[in-house]
Amino acid sequence: QVQLVESGGGLVQAGGSLRLSCAASGGTFSSYAMGWFRQAPGKEREFIGAIIWSAGGTLYADSVKGRFTISRDNAKNTAYLQMNSLKPEDTAVYYCAATTDILLPRSPLRYAYWGQGTQVTVSS
């Protein structure tokens, strides 16, 4: 059973940085893509970006392009979301998710496995 555990959330001032981690277990992740999403109160879950686990190719939403970077460490079975130049509107619960669709889908419906989420709060 695939399990994903996020960590690294917290409170940061605008302009600051945070790095989220997503530790994966229970699967052969070389055949997966890992996505990152966020959900603010009263809003739909939003695609941030995704990475093909084996090849490392990435895709980002326009709202975070140039500020956020997704990477992975194959040896540790961990994906990362490096967030720089954070803005108050980045405040949300952040989730990592796994899919066998390596075309990097943006829809959360295409992701079968989800972490529990980690809160990121950016103060102005």
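Just the heavy atoms: all of them, side chains too, but no hydrogens, waters or symmetry mates, feed the values below.
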Counting only heavy atoms not in Arg45, do more than 12 fall under 6.0 Å of its CZ? yes

Transitively linked via ILVMFWY side-chain contacts under 4.5 Å: Met34 with Ile70? yes

Do Phe47 and Tyr113 belong to the same hydrophobic cluster, where Ile, Leu, Val, Met, Phe, Trp and Tyr are linked whenever their side-chain heavy atoms lie under 4.5 Å apart, directly or via other members? no

Is there a salt bridge (charged side-chain N to carboxylate O under 4.0 Å, His left out) between Asp90 and Lys87 once you walk through the steps? CA-CA 5 Å; Asp90 293 318; Lys87 306 173 182 180; over 6 Å; no

Check whether [X] reaches the backbone of [Y] with its side chain - one donor and one acceptor, N or O, closer than 3.5 Å.
X      : Y     : answer
Thr118 : Gly9  : yes
Thr28  : Ser30 : no
Glu6   : Cys96 : yes

Tell me whether the rings of Trp114 and Phe37 are parallel (<30°), tilted (30 to 60°) or perpendicular (>60°). tilted

Aromatic plane relationship, Tyr94 with Phe68 - under 30° parallel, 30 to 60° tilted, over 60° perpendicular: tilted

Cation-pi geometry met for Arg19 and Tyr80 (6.0 Å, 45°): yes

Ser63 and Glu46: side-chain donor and acceptor closer than 3.5 Å? yes

Is the closest side-chain donor-acceptor distance between Asn84 and Ser17 under 3.5 Å? yes

If we only count heavy atoms from C-beta on, is the Trp53 to Asn77 side-chain gap below 4.5 Å? yes

